[in-house]
Trainee: 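Let me give you the structure first, and then I'll get to my questions.
Computation of the quantities below employed the complete heavy-atom set of this structure, encompassing side-chain atoms and omitting hydrogens, waters and symmetry-equivalent molecules. Chain letters run A, B, ... following the sequence lines, proteins first and then strands; every chain starts at 1.
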There are 2 protein chains.
Amino acid sequence: MTKSLAEDIRERLESCTATERRAALALLANYPVLGLGTVAQFAAAAGVSSPTILRFAARMGFPTYAALQTRLRTELEDQLKSPLAKGPESPAEPGVLDFADIACANIGDTFRQLPNTELEAVVALLGDERRTLYLLGGRFTDALARYMAAHLRILRGRVVHVAGQEGNWRDYLVDMGRKDVLIVFDIRRYQSDLARLSVAAANLGVTIVLVTDSWLSPIASVATHVLPARVSVPSPWDSSAALMVIAETLIAGVTATDPERSKRRISMLEVYRDDDDPKRRSGRQGETTEEAPPDPQA
Amino acid sequence: MTKSLAEDIRERLESCTATERRAALALLANYPVLGLGTVAQFAAAAGVSSPTILRFAARMGFPTYAALQTRLRTELEDQLKSPLAKGPESPAEPGVLDFADIACANIGDTFRQLPNTELEAVVALLGDERRTLYLLGGRFTDALARYMAAHLRILRGRVVHVAGQEGNWRDYLVDMGRKDVLIVFDIRRYQSDLARLSVAAANLGVTIVLVTDSWLSPIASVATHVLPARVSVPSPWDSSAALMVIAETLIAGVTATDPERSKRRISMLEVYRDDDDPKRRSGRQGETTEEAPPDPQA
DNA sequence: GCAATTCTGTAATAAATGGAACAGGCGGCG
DNA sequence: CGCCGCCTGTTCCATTTATTACAGAATTGC
């Protein structure tokens, strides 16, 4: 699977018959779109008959025409998903710098596809203080659920992070109702336990917001709102950066829905924090001329 | 015909019903490949039924599903033919989009400032299995510490996430030694408790890696390695996206240092997971030949 | 130049697909 | 609380589609 089907075709072009070669060249000239339509269209564009297309597919090693199409589609999908589709340029070593660039591109792609209306709808949901918010994540994405919960808890009441083992999750279910919202983070490889809880919640009439990858977690089928993000990076792991930006966008949105409430609550809770290292103001010496970090919440 | 179908979909999304929206979002998340297969595949991927896909197509103004496919294909064809035909970069209102753009820019800036040598040094540190790794974060950044710990714990042994109240932290200190590493996430407003622990660890000879914002947490003065990130966004809150990408870069780096070990450990621990929703493979009906989300760890 | 063989298109078939009618279910309104 | 309307999924049918069998055409070898 490492080499493109196009290369494969070029190599095996010799072993083709005359008309099959016409089919092959037509496909290469219009790669891969021509192979995604019907056999008849392909045949017409190549100026040959339908069976020739089938025979061509067979010669390329595909038992069926549908198999060839699947191959083309997955190839195209990979190419479009991972912005690796850069030209053969990039003189710099593809080591560490690439990663950040691609993570950025992922975020850009993610938001280019996300309709604002969908984000706004979710923000409205999360800003409604009459609804209890439950947040839940998977093996890795649980960190995002925590992150988001930590912020939301400051902005409004009734925020619950569903933590612990699956066995305990059921306990949260008894409190969920029709007016409540469950925010689930689930990217591949999807966890069946998350799906189980989501389905149970859905049956209780809970509104479900799903933040997932572009292949869509199976939870999508019970979710009210689905926010898909790009996660592919040149690493065995997926990147949750785009998910985090989605979370932060939502947080920012909720903060902005009711600025008064946000301001009040933020400053109220400020008192209870022990942040803001006191040593910073008194103890330390010069600390150079670097300006102190301005408080963005001012 | 000048504007992409994707935009069209985003616009007319509001006039869609709930399940139709799911179909639309699935298509956008997997644009345009998902629309090039059969209706059944589309439906399965979106978690809805086939007729919903048809109705969705109809609502978008296509008399037939084939018409939608043709539209997608010609669009894709044009795009592939002229490399300049980049996405129209939707000039959407600067409300929500700004946030993502600026977060991206932050990541770019962050890595432009970060010397590769520093990253590599930290990667080498984290890859050394003789050292015990302690991870620690603040009010919000603790999520990142968890996220990173979850990954590192798979890649190597001796990974400890310092959790709980400050009082308990001291318990971790007794085990720390000269060979160990403490990774601290601390952005403004800096928490004095993190600083206290860090100073104590530093006195024990622990190597300290600090991931902070560009104003540098006071912990910087006791840290061996400092990785500063851009965090400012148009919101009362800071963005941890750049921190997350740093964390992921480190994780990817550690994974790559000893690929054999990584592969072995990942596949070993794989067995104990209950991820990978079985329904995805068997349960669902037709599912036809639709590829399951490829496992990036394969 | 002839014959055998391979190749290619036409025609028929069987499968799978898109599409339409139908009925249950959900939420909204009175 | 009950009725009504819309939405959604299931079932079925008609159509298109991929695929096979066959016969004609071309080509190569002798």
Trainee: A:S50 has a side chain; which of D:dT19, C:dA20, C:dG9 sits nearest to it?
Mentor: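 Output: D:dT19.
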Trainee: So, does B:T52 get its side chain near the phosphate of D:dT8, meaning an N or O under 4.0 Å from OP1 or OP2?
Mentor: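 For B:T52, the contact criterion (side-chain N or O under 4.0 Å from OP1 or OP2 of D:dT8) is not met.
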Trainee: Dump the intermediate steps for salt bridge (charged side-chain N to carboxylate O under 4.0 Å, His left out) on A:R112 and A:D109, then the final yes or no.
Mentor: CA-CA 5 Å; A:R112 211 161 294 127; A:D109 286 351; 3.0 Å; yes
Trainee: Quickly work out the A:F56 CZ to C:dT8 C1' distance and round it to whole Å.
Mentor: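 Rounded to whole Å, this separation is 16 Å.
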Trainee: Specify the separation, in whole Å, of atom CZ of A:R55 and atom P of D:dA18.
Mentor: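 In whole Å, D:dA18 P lies 15 Å from A:R55 CZ.
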Trainee: Take atom CZ of B:R59 and atom C1' of D:dC7, then tell me their distance rounded to the nearest Å.
Mentor: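 Going from B:R59 (CZ) to D:dC7 (C1'), I get 10 Å.
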Trainee: Provide, to the nearest angstrom, the distance between the CD1 atom belonging to A:I53 and the C1' atom belonging to C:dG9.
Mentor: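 To the nearest whole Å, that distance equals 13 Å.
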Trainee: Could you tell me how the ring of A:H151 sits relative to the ring of B:F140: parallel (under 30°), tilted (30 to 60°) or perpendicular (over 60°)?
Mentor: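 Geometry flag for B:F140 against A:H151: parallel rings.
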Trainee: Using whole Å, what does the distance between atom C1' of nucleotide D:dT15 and atom OH of B:Y65 come to?
Mentor: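 About 17 Å, once rounded to whole Å.
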Trainee: Going by side-chain contact (heavy atoms from CB on, under 4.5 Å), name the residues that satisfy it together with A:S214, two or more places apart in sequence or in a different chain.
Mentor: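 Per chain and number, A:S214 pairs via side-chain contact (heavy atoms from CB on, under 4.5 Å) with A:K81, A:R230, B:A29.
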Trainee: Using the side-chain heavy atoms of A:T17, tell me which of these nucleotides is nearest: C:dT8, D:dG9, D:dA18.
Mentor: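 Selected nucleotide (nearest to the side chain): C:dT8.
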Trainee: Just how far, in rounded Å, is P of C:dG28 from NZ of A:K179?
Mentor: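 Between P of C:dG28 and NZ of A:K179: 10 Å.
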Trainee: Quick one: does A:V245's side chain get under 4.5 Å of B:S239's, heavy atoms only?
Mentor: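 The answer is no; the side chains never approach within 4.5 Å.
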Trainee: Check the distance between C:dA11's P and A:L54's CG and give it to me in whole angstrom.
Mentor: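 Spelled out: CG on A:L54 to P on C:dA11 is 17 Å.
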Trainee: 5'-most contact on DNA chain C: B:V39 or A:A18, nearest heavy atom basis?
Mentor: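 Closer to the 5' end of DNA chain C: A:A18.
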Trainee: To the nearest Å, how far apart are A:R22 CZ and C:dG9 P?
Mentor: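 Result: 7 Å.
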Trainee: Please list, one pair per line, the donor and acceptor atoms closer than 3.5 Å that link side chains of residues 44-58 of chain A to other protein atoms, with sequence neighbours excluded.
Mentor:
residue, atom, partner, partner atom, Å
A:S49, OG, A:T52, OG1, 3.3

Trainee: When you measure from the side chain of B:P51, which nucleotide among D:dC7, C:dA20, C:dA11 comes out closest?
Mentor: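 Of all the options, the side chain of B:P51 is nearest to C:dA20.
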Trainee: By nearest nucleotide on DNA chain C, pick out whichever of B:G37 and A:R178 is the more 5' one.
Mentor: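 Looking at the nearest nucleotide for each, B:G37 comes out on the 5' side.
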Trainee: Please classify the nucleic acid contact of B:S49 as base, sugar-phosphate, or nothing, using heavy-atom distances under 4.0 Å.
Mentor: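 Base, at least one base atom sits under 4.0 Å.
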Trainee: Please tell me which of the listed nucleotides, D:dT19, D:dT8, C:dT17, lies nearest to the side chain of B:T38?
Mentor: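 The answer is C:dT17.
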